[in-house]
Number of protein chains: 2
Amino acid sequence: MDNPAKPKRTRIQRERRELIQEAALEVFSQHGFRGSTIDQIAEAAGMSKPNLLYYFKSKEAIFVALIDRLMEAWLAPLREMDQDGDPATEIRSYIRRKMEMARDFPRESRLFANEILQGAPRVMPLLQGELKDLVDEKAKIIKEWMRQGRLKGADPYHFIFAIWATTQHYADFDVQVRAVLGPERGGEGRFEDAAAFLEKLFLG
Amino acid sequence: MDNPAKPKRTRIQRERRELIQEAALEVFSQHGFRGSTIDQIAEAAGMSKPNLLYYFKSKEAIFVALIDRLMEAWLAPLREMDQDGDPATEIRSYIRRKMEMARDFPRESRLFANEILQGAPRVMPLLQGELKDLVDEKAKIIKEWMRQGRLKGADPYHFIFAIWATTQHYADFDVQVRAVLGPERGGEGRFEDAAAFLEKLFLG
DNA sequence: CAATTTTTTGACCGTTTGGACAAACGTTAA
DNA sequence: TTAACGTTTGTCCAAACGGTCAAAAAATTG
């Protein structure tokens, strides 16, 4: 997770690696790791397979780079939750941010979901370390808010889990959501409706 | 989805097909469809690959049989929700049943999640048909309960989604849940804690 | 028992896959 | 011009994969 000797990269290398990661995100999020081929990614990135392997030494390396970048963005919204802010406002903002991520970055969400579903073989240390620490810290804050009577009392861990589950559901299970809502209600408005519902559910 | 000429099967065929599906559930739920090999499934079932292919004509056929059986169990809890029952009791029972499924059948849950994540290529018709119809029907009931003031008012569709998301989370994201809760709180009690939390969340 | 059907297996095949490699190409700078 | 370096590609390979097939083994039936 640290950087043992950071590699110096040319401009082209930075651009190409970025291009490859974008293509890989598209492919991996649709087919999962094992279901994706280097050829698919290479084609999506508009280059030949050997050329792609010049920038990433293996399929695994692409995936790891993607996950690494993803996890940062993943933890950010919870990091922003501020102990000194108004509890209701902080929770509301957190839900909003998570919902926006589900809407704007569904591929990242699905990629992460896939990794966890397979037993988190590549991010387990991160879950037990950085993520657990962060949640422990924020759970303490939420608990304090509840103790002060500024937030309805409940288990802060399951509270956070519930926010994760409900918001990510709209990215990960998007096809099911749309299928059930049907053509009329399944339009773009569904994220707004969901956000409004969740605010009431968690704060009402 | 119907049965065009139901095949007559010997006792051995019934037993072997069952054995294979159990093994396939184990393998598919861990590695996904593309990530699983026929050899893996055959080994888990304690037979040779050609022998397995004697009972199921392809990898796809195993998967379809599995999904078919799964979907029935999947819809059952919602089907049981009774219009004439007490709203709070009905919702509570529904949450309990879904939570028990997450605890007792996590492989089935993960298999389903995997299928949806990949865009539901094999169950889309079912989602748009049977599932949508069922949800439409139950949403109407919930809406009526809310109109009568017997249940807190909210969008019944997102209400149902939220129950799905939160309960299935404890099966699909189990490793993450355990990692965050840590060794102390991540024991078997987590399902009870979660169920209690969710009842309050949805009915409190 | 023998005849017939069902079940099991070893050997095999064509394709796909991740990855290696050397040769070619392009660019820049001495 | 040439040497050096970064980039790109065609070709190739070994392993893994889904699936076939003929024939042996086991079970069932007459």
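A note on names: the letters A, B, ... follow the listed sequences, proteins ahead of strands, and every chain is numbered from 1.
In this entry the distance linking NZ of Lys57(B) with P of dT20(D) reads 10 Å, nearest Å. Atom C1' of nucleotide dT7(D) and atom CG of Leu53(A) are separated by 14 Å, given to the nearest angstrom. Spacing between atom CG of Leu52(A) and atom C1' of dC21(C) amounts to 17 Å, rounded to whole angstrom units. His31(B) places its NE2 atom 15 Å from the C1' atom of dC17(D), with the value rounded to the nearest Å. Taking atom CZ of Arg9(B) as the reference point, atom C1' of dT28(D) lies 20 Å away to the nearest angstrom. To the nearest angstrom, C1' of dG19(D) lies 12 Å from CD1 of Ile62(B). Straight-line distance from the CD1 atom of Ile38(A) to the P atom of dA15(D): 17 Å, rounded to whole Å. In this structure, Tyr55(B) atom OH and dG18(D) atom C1' are separated by 20 Å, rounded to whole Å.
Dashed line: the shortest gap from a side-chain N or O of Arg34(B) to OP1 or OP2 of dA16(D) is not under 4.0 Å. The phosphate of dT7(D) has OP1 or OP2 within less than 4.0 Å of a side-chain N or O from Gln13(A). Distances shorter than 4.0 Å separate some side-chain N or O of Tyr54(A) from OP1 or OP2 on dT7(D). Distances shown here put every side-chain N or O of Arg16(A) at or beyond 4.0 Å from the OP1 or OP2 atom of dG6(D). Contact check, Ser48(B) against dT9(C): a side-chain N or O comes under 4.0 Å of OP1 or OP2. At the phosphate of dT9(C), OP1 or OP2 sits under 4.0 Å from a side-chain N or O atom of Asn51(B).
Taking the six-membered ring where tryptophan is involved, the planes of Tyr157(B) and Phe161(B) are tilted, since the angle between them lies from 30° to 60°.
Contact annotation: the side chain of His158(A) never approaches that of Leu201(B) to less than 4.5 Å [non-hydrogen atoms, C-beta and beyond]. The side-chain heavy atoms of Phe112(A) and Met71(A), taken from C-beta on, include a pair separated by under 4.5 Å.
The base of dG19(D) is not paired with the side chain of Lys59(B) by any donor and acceptor separated by under 3.5 Å.
Between Asp86(B) and Arg92(B), no side-chain nitrogen of the basic residue sits less than 4.0 Å from a carboxylate oxygen of the acidic one, so the salt-bridge criterion is not met.
Between Asp172(B) and Ile116(A), the shortest heavy-atom contact is O-CG2, 4.2 Å.
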